[in-house]
Amino acid sequence: MNEETTVPQAEDLEELKGVVEALTFRNEESGFTVLDLATAGELVTAVGVLPGVSPGEELRLRGRWTRHPTFGRQFNASFCERTMPTSQGDVLKYLSSGVVRGVGPAMALRIVELFGDETLSILESNPQRLATVKGISRAKADEISESYRQQFSLRQVMLALEHLGMTTSECLRTHKVYGSRAAELIQANPYILCEGGLGIGFERADSIARALPEPPGGAFRVEAGILHVMRRAAGQGHTCVPRRKLPAPAAALLGVAAEEAEAAIDPMLEQRRLIAWDPNENKPEQPGGDVYIFLPWLYTAESSAAQRIDFLRRFPPAETKLNGDPEEIICRMEDRHGLHYDENQRLAMRTALQRGLLILTGGPGTGKTTTLKGILELFNAANLKVALAAPTGRAAKRMQELTGAAAKTIHRLLEVEWTQDDRQTFARNQRNPLEAGAVIIDEISMVDISLFAALLEALPLGCRLVLVGDADQLPPVGAGSVLQDLLRAGELPVVRLQHIFRQAMESMIILNSHRIVRGELPELGAKDRDFFFLERRSAFRAAQTVAELCAKRLPKAYDLNPLRDIQVLCPSRKGECGTARLNELLQEALNPQVGATKREIKLNRRLFREGDKVMQAKNNYDLIWKRPGEAESGQGIYNGDIGIIEKILPPQGIMHIRFDDRVAEYPFDTAEELEHAFAVTVHKSQGNEFPAVVMPVAGVIDMLAYRNLLYTAVTRARRFMILVGSREDVRRMVENHRKALRYTALAGFLAAAQPPAESSAG
């Protein structure tokens, strides 16, 4: 889904003119640049997305003056107009910068000495004259001229787009997608900015359209509005929307009649920009009902996932050659490990071995890990090559610790790759499947439909698939509800573990999590167990108590490290008990600035300080990490990884962040991928476990006061769980079992694939 960003209006900004003296830093991919600008009377620092800018060029920047905590006063540019250098000195500086391929400082000097003020016009329109310069052949002259023309073309496109009111950053992204025709295409239909992965939302495209001298016809706008509503629905977790529910929000967004929005849907279906599915199309006995509308990529993901699951259901893999009866092997495993499996655990192991698919679900203390280890041992006994994976890096690490077998993220398992336009693809797919006889995925409740479909596509024929998860946890952040849909589908091999083992019953965390699932209030009065409740009636007092617990009381009472061992989980980002406010309080309490001894820097309106706890907010497969003291290095820091800032190095423009035993080097321009992690949302904590969890439950807004959010938070705690807030908020969350409704079709597609009852036995 494209994110809508707030864009400053050019007329509200300050203006700065000058000539580029030198470039201090440039990221060629993003265009982010730091440069020295010679203005009237002084040399100033300017920063911003300024692609292709070179020394010698005259710039007219619009932006705002800011004060950097390390570098001091600098101009943050949002808009940039460029003028080619005119004086011989500036032309020489421009060509010497290397902006034109094949021209270095020495050659630049010879060219300017010969042609003077005519240099740039000769480069553009009379390149054969370059061959009169010593060291330049006719072929070399053509190469130099072509390189210059490419630079000039980019400049012209950027200039034309900026005249449409677009920021320099938007212009660069648009040029990458649409090339030299970008301005022409956008003048004809500015709403194409909402597509192509540009990160430009409908409201922003709409404002650009309104500023055009001749705004395009209404059909473009209505169709873009409908697509925006569909993308927004995907961002909220839906894979589809009932057709009857689509016109109203589109009409409200566009300010048009619902009939006008409705009339635009059919043409979009004919163009395959939207896909429709009627669950009752081939069921004359069930006429009517909802027709569901999809974005094409979500329809493909969900329908193909259903087809592959149906294939696994219908065609189990060949029998394995075990040294003995499976039941006898399970008994020997019990003797070897001193265990006693219950009947459901034994059923899960047999099913995993005999069927192509097993869905294993259960709450804490019900033996999922023990069962998973037993399945893995059976697979190994059958000489199957087994791949283990989980959605996040921390979940994969935890899976590896619990099973003793190597585990990866699903993205790493599928060998994620990125195209030139930043689209995600996987090297492992139907044409190049995984080399595995069995695949086990943990924390399946976190997996969205697009990743699940990619995983299924990469399974080789005859490969067994085991999906392990807790159906009562929150759904994935992305679109879909894979685990819930598979459980609803019926006719799939599902084993639910429900028996709480005796040793687990000693934990109030486990007992209370099961009480919450049953809709019962957790036991809040215990004082000497692992689950505590501190009554605080106001959100302000609850936030203060959370900070005090993390900084003083818990470290002193239980010898916990406040950064490594304690994690604050919040229902939301906003409010007195939201992550934004609590991260400010906890940064001051746990990592204060003492006599300017710690380097700090403000990036993207966040103050990062050495010693801060941070979280990676999106998968980044390019970041380089090393293990200190070892030769081993690698690439990739993943969404949900939590680390500590060890060093901030302003001159180099980088930070060093330690993630457990790895230290990654972060350029400042990737700081937008970082969030403070003294406090994180419950959604962001999925797949993780922490020694101690502190959760404020005061003033929880109604839309977040629901049962599986509280349950997910409680099940993240390993040794201690502390709730701080009001009993009324806890009660509201427990009693609200109305899980956020998600429109999905995986279960429906599976039902449609199910053969009629009379033929299913055959």
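In this chain, numbering begins with 1 at the start of the sequence shown. FYI, side chains are in, hydrogens and waters are out, and symmetry mates aren't considered; it's all heavy atoms of this structure.
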Does [X] reach the side chain of [Y], with side-chain heavy atoms less than 4.5 Å apart?
X    : Y    : result
L474 : Y706 : yes
L451 : D448 : yes
Y292 : V241 : no
N708 : M733 : no
L456 : L465 : yes
C570 : V568 : yes
L360 : T371 : yes
L497 : K368 : yes

Quick test of your reading of the model: are [X] and [Y] salt-bridged, counting only N-O distances below 4.0 Å?
X    : Y    : answer
R350 : E327 : yes
D335 : R332 : no
R707 : D472 : no
R716 : E689 : no
E457 : R431 : no
R662 : D641 : yes
R731 : E735 : yes

Problem - Pair L524-F531, side-chain contact (heavy atoms from CB on, under 4.5 Å): steps then yes or no - result: CA-CA 8 Å; L524 301 179; F531 192 107; 4.0 Å; yes
[X] side, atom [atom1]; [Y] side, atom [atom2] - distance, nearest 0.5 Å:
X    : Y    : atom1 : atom2 : answer
R488 : S481 : CZ    : OG    : 6.0 Å
I444 : L486 : CD1   : CG    : 7.5 Å
K408 : M399 : NZ    : CE    : 13.0 Å
T712 : D470 : OG1   : CG    : 7.5 Å
E334 : I329 : CD    : CD1   : 13.0 Å
C331 : H340 : SG    : NE2   : 9.5 Å

Short side-chain to backbone donor-acceptor contact, [X] and [Y], under 3.5 Å:
X    : Y    : result
E302 : A745 : yes
T744 : L746 : no
S304 : A301 : yes
H238 : Y743 : yes
E523 : G525 : yes
E520 : H514 : no
T579 : T681 : no
N432 : A427 : yes

Handout entry: Qualifying residue for side-chain contact (heavy atoms from CB on, under 4.5 Å) with E443, from Q686, R398, R394
Key = R398
Fill in the blank from the handout: side-chain contact (heavy atoms from CB on, under 4.5 Å) test vs V680 passes for just one of M615, E675, R573, K613, namely M615
Indicate the atoms forming the closest heavy-atom contact of [X] with [Y], along with that distance.
X    : Y    : result
L704 : P571 : CD1-O, 3.3 Å
R346 : Y341 : CG-CB, 3.8 Å
A677 : I642 : CB-CG2, 4.4 Å
V714 : S513 : CG1-CB, 4.1 Å
L312 : C463 : CD2-O, 4.0 Å
Y711 : P364 : OH-CD, 3.1 Å

Exercise for the section: Any chance you could lay out the side-chain contact (heavy atoms from CB on, under 4.5 Å) test for Q307 and D310, step after step, and finish with the verdict? Expected result: CA-CA 5 Å; Q307 291 170 6; D310 185 54; 5.7 Å; no
Is the count of non-hydrogen atoms from other residues, nucleotides or ligands lying under 6.0 Å from [X] atom [atom1] greater than 12?
X    : atom1 : result
R308 : CZ    : yes
R627 : CZ    : yes
E435 : CD    : no
E401 : CD    : yes

Practice task
Carefully, step by step, assess D565 and R719 under the rule salt bridge (charged side-chain N to carboxylate O under 4.0 Å, His left out).
Solution key: CA-CA 10 Å; D565 299 332; R719 289 176 54 197; 5.8 Å; no
Handout entry: Residue pair Q498, D342: steps toward the side-chain contact (heavy atoms from CB on, under 4.5 Å) verdict
Key = CA-CA 10 Å; Q498 297 173 314; D342 72 12; over 6 Å; no
Problem - Residue pair L358, L467: steps toward the side-chain contact (heavy atoms from CB on, under 4.5 Å) verdict - result: CA-CA 6 Å; L358 168 67; L467 305 173; over 6 Å; no
Problem - Centroid-centroid under 6.0 Å between Y299 and F749 rings - result: yes
Exercise for the section: May I ask you to decide if the ring planes of H499 and F501 are parallel, tilted or perpendicular, using 30° and 60° as cut-offs? Expected result: perpendicular
